[in-house]
Amino acid sequence: MTVEEPITMDFIRQMVAEDLRTGRFGGRVHTRFPPEPNGYLHIGHAKAMSIDFGVARDFGGKCNLRFDDTNPAKEETEYVEGITADIEWLGHDFGDKIFFASDYFEQMYAWAEMLIQKGRAYVDDLSAEEIRDYRGTLTEPGRNSPYRDRTIEENLDLFRRMRAGEFPGGAKVLRAKIDMASPNMNLRDPVMYRILHEPHHRTGDAWCIYPMYDWAHGLEDSIEGITHSLCSLEYEDHRPLYDWFLDELGIYHPQQIEFARLNLTYTVMSKRKLLQLVNEKYVRGWDDPRMCTIAGLRRRGYTAESIADFCERIGVSKANSLVDIALLEHCIRQDLNERAPRAMGVLDPIKVVIDNYPEGQVEWFEAENHPQRPEMGTRLAPFSRELYIEREDFMEAPPRKYFRLYPGNEVRLKYAYYITCHEVVKDSEGRIVTLHCTYDPESRGGTTPDGRKVRGTLHWVSVAHAVDAEVRVYDYLFTVENPSDVAEGETFLDKINPDSLHIFEGCKLEPSLAEAEAGDRFQFLRLGYFTVDPDSVRGHLVFNQTVNLRDTWAKIQQR
RNA sequence: UGGGGGCUCGUCUAACGGUAGGACAGCGGACUCUGAAUCCGUAUGUGGGGGUUCGAAUCCUCCGCCCCCAGCCA
């Protein structure tokens with residue numbers, strides 16, 4: 001008999017559980033994830049999906065993937081394909097069907113006529129500016145449109161002619177007749193349909209009137225039998241309208257529940273801003289590894305599992321929050337620490353000559369692919385008289401506690417030998433070119449018979465066997481935690497980090513990496529986790545740094 | 001001075017009238033053939049004032065601060 005652990009559910013799951021208990025939806029749980037195909041998905045969508053698909057999964061229900069494609073002016077097939085690929089990569093189960101709001105246009109139209117018949121909707125000839133003017137302000141009520149009291153017959157006739165394409169774009173709209181004095185702006189006769197002579201990516205030129213979000217969304221949910229329509233906080237004010245349409249129509253009525261969207265430090269999370277970064281070439285594309293898009297994170301080397309883990313850890317609530325990106329980094333480090341094979345690579349090489357090592361000799365040392373998982377096996381790394389080590393791993397005049405290589409100091413070359421530095425060779429500009437060292441043959445394999453300790457262990461690559469590579473190392477795209485929080489006259493673009501990309505061209509990797517393929521992930525010892533970029537071509541490997549290793553030494557240095 | 005939401009460690013989030021807990025970040029230490037991983041330890045929090053109660057983060061009340069809404073975007 002175990003002690004019963006109290007299960008703590010977030011507020012959404014508590015509401016769903018309550019509906020299940022009372023039998024409100026006949027014991028069903030059916031959610032939906034409704035992206036608009038006007039951009040790529042980002043980590044904020046990953047949170048939304050974690051909730052939408054996660055609630056369905058946890059209660060044995062379903063979650064529909066539904067494209068909310070009601071605005072042909074902004075939407076493209078490219079985006080539906082990209083979004084679908086991202087969702088599949090994340091591993092969410094949307095069954096064997098993809099839903100589209102545009103599939104319901106005919107039904108929505110019929111319901112609109114029904115509302116007109118009920119005297120609950122009317123065709124308005126006011127211009128966009130006039131409508132805005134008539135709407136009033138936050139503190140003053142709006143005024144009724146002069147067209148508000150047209151007869152049902154006239155409204156029906158006009159609406160049908162709208163559909164038939166008799167009017168130019170913007171000439172007329174269909175509005176719900178609710179209350180121009182409502183303190184909730186959304187209820188001041190919201191627009192249901194606008195005229196848009198634009199081809200739609202799925203319906204082509206079948207329509208020239210398109211439904212607005214508020215009108216369409218509840219209908220989509222109703223048609224699909226959604227039980228819980230989960231969305232972000234800004235729709236809280238729209239819920240009365242969501243409910244109003246469904247109630248007026250007298251059709252199946254899901255429950256809308258709102259939660260706080262994700263904000264992450266050092267990045268922006270709006271599709272508008274991400275699009276701008278892409279269009280104005282601040283980044284290389286939607287999948288630039290510095291972007292918080294799913295495609296960007298994937299190219300950066302993040303795993304779907306680490307993103308799912310992150311989404312669970314941040315929780316669900318209604319409080320606006322700004323999550324520390326360190327948590328995301330923790331999640332990917334934890335995942336990759338478990339699964340990434342180890343390898344040695346030198347980003348910024350400096351040559352080491354082991355003077356007392358026989359010329360022409362090569363020894364192959366066995367290196368473990370994972371220190372905690374012997375089942376991942378071993379590989380052989382060639383050692384010879386000339387090696388590369390990391391420029392950072394040598395200092396002529398080291399500070400206290402520096403236990404890497406410096407003149408007179410002995411360090412271990414991982415898996416190989418202890419070496420001691422005796423001479424530093426510089427070029428005419430004072431830049432270190434070569435380090436002359438000696439090795440201790442007794443230290444073969446990395447330990448000595450006398451058991452003496454060395455504080456430093458360095459990674460290395462044999463000059464003669466090295467594989468050349470380009471390595472891209474990234475920093476945050478922005479210099480401040482919240483780039484959207486700017487002073488008068490500034491924009492998020494003013495917070496861009498000019499130094500977010502560092503390209504290391506002449507990197508030297510151990511030869512076992514020669515056959516690595518795009519998407520493969522490794523831990524480069526002492527440096528971090530890296531993944532092979534699709535830019536790689538035969539003979540020119542390109543790696544992205546996913547995330548560095550925790551670096552205690554860097555912290556000590558900062559002090 | 002309209003309406004809708006929200007305020008718990010630095011950050012995110014639990015606690016649903018009964019010991020304010022976890023995670024990340026931080027700090028200290030152990031271990032280490034990765035200054036990684038791992039292990040151990042540790043500081044920091046209920047926005048403020050009243051009230052109800054044996055007992056309040058939780059209920060009531062007043063105040064403060066933050067977010068959202070005036071698209072023919074979603």
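Convention: sequence-line order gives letters A, B, ...; per-chain numbering from 1.
- Atom C1' of nucleotide A74(B) and atom CG of Leu241(A) are separated by 13 Å, given to the nearest angstrom.
- Using a 4.0 Å heavy-atom criterion, one finds that Ser127(A) contacts the bases of the nucleic acid, with or without backbone contacts as well.
- Taking the six-membered ring where the residue is Trp, Tyr109(A) and Phe159(A) present parallel rings, their angle staying beneath 30° rather than reaching 60°.
- Annotation: G2(B) and U11(B) have their P atoms spaced 30 Å apart (nearest Å).
- Using a 4.0 Å heavy-atom cutoff across all strands shown, Ile325(A) reaches no nucleic acid atom at all.
- Residue Pro240(A) is out of contact with every strand shown, counting any heavy-atom pair closer than 4.0 Å.
- Judged by ring centres under 5.5 Å apart and planes tilted less than 30 degrees, Trp553(A) stacks against the six-membered base ring of G35(B).
- With U34(B), C73(B), G5(B) as the choices, the nucleotide that has an atom nearest any side-chain atom of Lys74(A) turns out to be C73(B).
- At a threshold of 4.0 angstrom between heavy atoms, the contacts of Phe403(A) include nucleobase atoms, whether or not backbone atoms are also involved.
- Here His238(A) lies in heavy-atom contact (under 4.0 Å) with a base.
- Here the nucleotide nearest the side chain of Tyr402(A), chosen from G5(B), G35(B), G2(B), is G35(B).
- The aromatic rings of Tyr406(A) and Tyr402(A) sit tilted, their planes meeting at an angle between 30° and 60°.
- For Arg132(A), a side-chain nitrogen or oxygen approaches OP1 or OP2 of G71(B) to under 4.0 Å.
- Computed from coordinates, the Leu527(A) CG to G35(B) P distance equals 10 Å when rounded to whole Å.
- For the pair Arg333(A) and Tyr529(A), the NZ or CZ position fails the cation-pi test of under 6.0 Å to the six-membered ring centre and within 45 degrees of the ring normal.
- Of the residues in residues 189-201 of chain A, those with a non-hydrogen atom less than 4.0 angstrom from any atom of RNA chain B are Val191(A), Arg194(A).
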Produce the list of close N/O pairs, under 3.5 Å, pairing protein atoms with atoms of nucleotides 8-14 of chain B; give distances to one decimal.
{"unit_1": "U11(B)", "atom_1": "O3'", "unit_2": "Leu322(A)", "atom_2": "O", "d": "3.3"}
{"unit_1": "U11(B)", "atom_1": "O2'", "unit_2": "Leu322(A)", "atom_2": "O", "d": "3.2"}
{"unit_1": "C12(B)", "atom_1": "OP1", "unit_2": "Leu322(A)", "atom_2": "N", "d": "3.1"}
{"unit_1": "C12(B)", "atom_1": "O2'", "unit_2": "Ile314(A)", "atom_2": "O", "d": "2.7"}
{"unit_1": "U13(B)", "atom_1": "OP1", "unit_2": "Ser317(A)", "atom_2": "OG", "d": "2.5"}
{"unit_1": "A14(B)", "atom_1": "OP1", "unit_2": "Val316(A)", "atom_2": "O", "d": "3.4"}

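- Within the nucleic acid shown, Glu258(A) has no heavy atom closer than 4.0 Å to any nucleic acid atom.
- Put simply, the side chain of Phe310(A) reaches to within 4.5 Å of the side chain of Leu262(A), judged on heavy atoms.
- Of the candidates G2(B), C69(B), A74(B), the closest approach to any side-chain atom of Asn71(A) belongs to A74(B).
- Remark: Arg526(A) is in phosphate contact with G35(B), judged by side-chain N or O atoms under 4.0 Å from OP1 or OP2.
- Whole-Å rounding puts the Arg412(A) CZ to G35(B) P distance at 10 Å.
- Side-chain N/O atoms of Thr70(A) include one lying less than 4.0 angstrom from OP1 or OP2 on A74(B).
- Just one of Val316(A), Ile51(A), Val16(A), Val55(A) meets the side-chain contact (heavy atoms from CB on, under 4.5 Å) condition when paired with Asp10(A); it is Val316(A).
- When each of A74(B), G3(B), A25(B) is scored by its nearest atom to the side-chain atoms of His330(A), the top-ranked nucleotide is A25(B).
- Inter-residue side-chain proximity for Leu513(A) and Phe524(A) is flagged as met; some heavy-atom pair is nearer than 4.5 Å.
- For the C1' atom pair drawn from A20(B) and A43(B), the interatomic distance equals 16 Å after rounding to whole Å.
- Taking atom CZ on Phe530(A) and atom P on U34(B), their separation rounds to 18 Å, with Å as the unit.
- The residue Thr137(A) sits close to a base: some heavy atom pair falls under 4.0 Å.
- Nearer to the 5' terminus of RNA chain B, by closest-nucleotide assignment, is the contact made by Gly446(A) (compared with the other of Gly446(A) and Asp68(A)).
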With 3.5 Å as the limit, what N/O pairs link the protein to nucleotides 38-41 of chain B?
none

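- When each of C24(B), G5(B), C73(B) is scored by its nearest atom to the side-chain atoms of Met212(A), the top-ranked nucleotide is C73(B).
- With respect to Arg202(A) and Glu75(A), no salt bridge is recorded, no charged nitrogen being found less than 4.0 Å from a carboxylate O.
- Contact annotation: the side chain of Leu219(A) never approaches that of Pro211(A) to less than 4.5 Å [non-hydrogen atoms, C-beta and beyond].
- Here CG of Asp86(A) is found 12.5 Å from OH of Tyr79(A). Values are rounded to the nearest 0.5 Å.
- Atom-to-atom, CG of Leu233(A) to C1' of A74(B) comes out at 16 Å; the value is rounded to the nearest Å.
- Phe99(A) does not carry Arg32(A) over the face of its six-membered ring by the limits of under 6.0 Å from the centre and within 45° of the normal.
- For the pair Arg412(A) and Tyr418(A), the cation does not sit on the ring face, since its NZ or CZ is not both under 6.0 Å from the ring centre and inside 45° of the axis.
- Remark: P of G3(B) and CE of Met180(A) are 18 Å apart, rounded to the nearest angstrom.
- Arg404(A) comes within contact range of at least one nucleobase, with a heavy-atom separation under 4.0 Å.
- Residue contacts for Gln372(A): at a heavy-atom cut-off of 4.0 Å it reaches a base atom on one of the strands shown.
- Nucleotides G49(B) and C68(B) have their P atoms positioned 28 Å apart, rounded to a whole Å.
- In this structure, the ring of His217(A) has its center less than 6.0 angstrom from the ring center of Tyr213(A).
- One can place CG of Leu126(A) at 12 Å from C1' of C72(B), the figure rounded to the nearest angstrom.
- With respect to the salt-bridge test (charged N to carboxylate O, under 4.0 angstrom), the residues Glu368(A) and Arg373(A) do not qualify.
- With respect to the salt-bridge test (charged N to carboxylate O, under 4.0 angstrom), the residues Asp551(A) and Lys555(A) do not qualify.
- In this structure Val461(A) satisfies the side-chain contact (heavy atoms from CB on, under 4.5 Å) test together with Val346(A), Ala466(A), Lys508(A), sequence neighbours excluded.
- With rounding to whole Å, His370(A) atom NE2 is found 10 Å from A36(B) atom C1'.
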> Using Watson-Crick and G-U wobble pairs with both distances under 3.5 Å, what is the 5'-to-3' dot-bracket string of RNA chain B, with [ ] for crossing pairs and | for pairs outside the strand?
Replying inline: .((((((..((((....[..)))).(((((.......)))))....(((((..]....))))))))))).....
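- Residue-level contact check: Arg239(A) touches neither bases nor backbone, having no heavy atom under 4.0 Å from any strand.
- Applying the 90° criterion around 0 to the glycosidic angle, G49(B) comes out anti.
- For Arg455(A) and Ser182(A), each mapped to the nucleotide of RNA chain B holding its nearest heavy atom, the one lying further toward the 5' end belongs to Ser182(A).
- Considering Tyr415(A), Trp460(A), Trp364(A) as possible partners of Phe383(A), the one that fulfils the ring-ring contact (aromatic ring centres under 6.0 Å, His included) test is Trp460(A).
- Listed by chain and number, the residues in a side-chain contact (heavy atoms from CB on, under 4.5 Å) with Ser317(A) are Ala319(A) (sequence neighbours excluded).
- Close to G71(B), at under 4.0 Å from its OP1 or OP2, lies a side-chain N or O of Arg135(A).
- If you check C73(B), G35(B), G2(B) against the side chain of Lys401(A), the one that comes closest is G35(B).
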